[in-house]
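Chain letters run A, B, ... following the sequence lines, proteins first, then strands; residues in each count from 1. These figures come from a predicted structure and were not determined experimentally.
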2 protein chains.
Amino acid sequence: MSIAQIEYFVAVAEEAHVGRAARRLHISQPPLTRQIQRLEDELGAPLFERTPRGMRLLPAGARFLAHARRVLAEVDAARRCLEPLPSSQRAR
Amino acid sequence: MSIAQIEYFVAVAEEAHVGRAARRLHISQPPLTRQIQRLEDELGAPLFERTPRGMRLLPAGARFLAHARRVLAEVDAARRCLEPLPSSQRAR
DNA sequence: AATCCGCGATACCCAAACGGTATTGGCCTG
DNA sequence: CAGGCCAATACCGTTTGGGTATCGCGGATT
C-alpha cells in the first residue's frame, strides 16, 4: 500500500468514476484502475461495486475511506512540519 | 515520500545507525542510505547529523519523527480496518 | 604519528513497479 | 438492435528500488 494508492482510492471514492478521478489526478484511467485493483487485492476485500454507471463504495470501502483520509491528513502534517516558517512561530 | 521511506526513517532514528536499521528492515545498507537522502531532499532539510559513530537526529528530524509515527499508526489502523474479525465485533 | 576499523556514501547493475496508448468486453439507452 | 459509455486488459517504455562491491573519512589503538 502506497500513499499514492490511498490518494487514488479517495479520488475514485469521491468521484464514483474512474475516468473523472483519473483526470483529477492527472493520470490516465488504466493505471488508476490497476492501482485500485492492487489495493483491493492487498486488503483482501473489494472496496467498490462496479456498475455500468461507475463505481459505488461498498461498506468496506466506506470504512476504509475514513482511515484513508486520516492517513493523508497525517502525511500532510508531516510534510508541513518542516516548512520554512513565515516569521515568528515556535516548535512545540 | 512513500510509506516505506517513513518506516525507514523511523528505523534509522531509533537505531541511530544505518547498518543496524537496515538489518532490522531486512534490506541492505546502501538503499537505506539513499532513501534517507531522498527523504531529506524532498523535505528540503537534513534530518540527521552524520557522525563517525552513526546517525544523530537533528531537531528537525525529531519533529518529523513524531509525525512519522502518527502516519504509520494511521496506516496500520487503515490496514486493520478490514481484517476478518475473530467473532463478535461491530464497526463504528 | 601511523594503522586499523567501523561508519555512511557512492558506483554500477538488475529486477520490479508505474504510467501511457491502444483495445476489449459488457451493460444500459435510445 | 445499434451506439455509447464504463471499467478492464494487453502491451510497451521508463522510472524506481534493492543488491553487491567499493570508496572516503573519521576516531581509536598502540
Problem set entry | B/Glu40 to B/Leu47 - nearest heavy-atom pair and separation | OE2-N, 2.8 Å
For this session: Verify, without hydrogens or angle tests, whether B/Arg56 (side chain) and B/Gly54 (backbone) share a donor-acceptor contact under 3.5 angstrom.
Result: no
Exercise. When the nearest nucleotide of DNA chain C is assigned to B/Thr51 and to A/Gln5 on a heavy-atom basis, which residue is associated with the more 5' position?
Worked result: B/Thr51
Determine all donor-acceptor pairs shorter than 3.5 Å in which one atom belongs to a side chain in residues 18-28 of chain A; sequence neighbours excluded.
from    : atom 1 : to      : atom 2 : distance (Å)
A/Arg20 : NH2    : A/Glu15 : O      : 2.9
A/Arg24 : NH1    : A/Glu14 : OE1    : 3.2
A/Arg24 : NH1    : A/Glu15 : OE2    : 3.0
A/Arg24 : NH2    : A/Glu14 : OE1    : 2.6

Seminar exercise, completed: Given protein heavy atoms under 4.0 Å, the one-letter contact record of nucleotides 19-30 of chain C, with B base, S sugar-phosphate only and - none, is simply BBBB----SSS-
Exercise. Same cluster or not: are A/Leu43 and A/Leu58 linked, directly or through other Ile, Leu, Val, Met, Phe, Trp or Tyr residues, by side-chain heavy atoms under 4.5 angstrom apart?
Worked result: no
What nitrogen or oxygen pairs link the protein and nucleotides 2-5 of chain C at under 3.5 Å?
none

For this session: Measure the distance from CG on A/Leu39 to C1' on C/dC18 and round it to the nearest whole Å.
Result: 15 Å
For this session: Would you grab the first and last nucleotide of DNA chain D (5' to 3') that comes under 4.0 Å of any non-hydrogen atom in chain B?
Result: D/dG17 to D/dG27
Problem set entry | Taking every non-hydrogen atom, the tightest pair across A/Phe9 and A/Ile36 | CA-CD1, 3.7 Å
Seminar exercise, completed: From CG of B/Asp41 across to P of C/dA9 the rounded distance in Å is 12 Å
For this session: Could you state the atom-to-atom distance from CZ of B/Arg56 to P of C/dG8 in whole Å?
Result: 13 Å
For this session: For B/Arg20, report the nucleic acid contact type (base, sugar-phosphate, nothing); a contact means any heavy atom under 4.0 Å.
Result: nothing
With a cut-off of 3.5 Å and sequence neighbours excluded, list every side-chain donor-acceptor pair involving residues 71-84 of chain B.
from    : atom 1 : to      : atom 2 : distance (Å)
B/Asp76 : OD2    : B/Arg80 : NH2    : 2.7

Problem set entry | A/Glu7 CD to C/dC18 P, straight-line distance once rounded to whole Å | 13 Å
For this session: Go through the side-chain N and O atoms of B/Gln29 and B/Thr33 and say whether any donor and acceptor fall under 3.5 Å apart.
Result: yes
Exercise. Which whole-number value in Å describes the distance from B/Glu40 CD to C/dG8 P?
Worked result: 13 Å
Problem set entry | Spacing between A/Ile3 atom CD1 and C/dA17 atom P, to the nearest angstrom | 18 Å
For this session: May I ask you to check whether over 12 heavy atoms, not counting those of A/Arg53, lie within 6.0 Å of atom CZ?
Result: no
For this session: Could you check how far CZ of B/Phe48 sits from C1' of C/dC7, rounded to whole Å?
Result: 15 Å
Exercise. Should B/Met55 and B/Arg50 count as side-chain neighbours, where that means a heavy-atom distance under 4.5 Å?
Worked result: yes
Exercise. Who are the side chain to side chain contact (heavy atoms under 4.5 Å, CB included) partners of B/Gln5, not counting sequence neighbours?
Worked result: B/Met1, B/Ser2, B/Gln35, B/Arg38, B/Leu39, B/Glu42
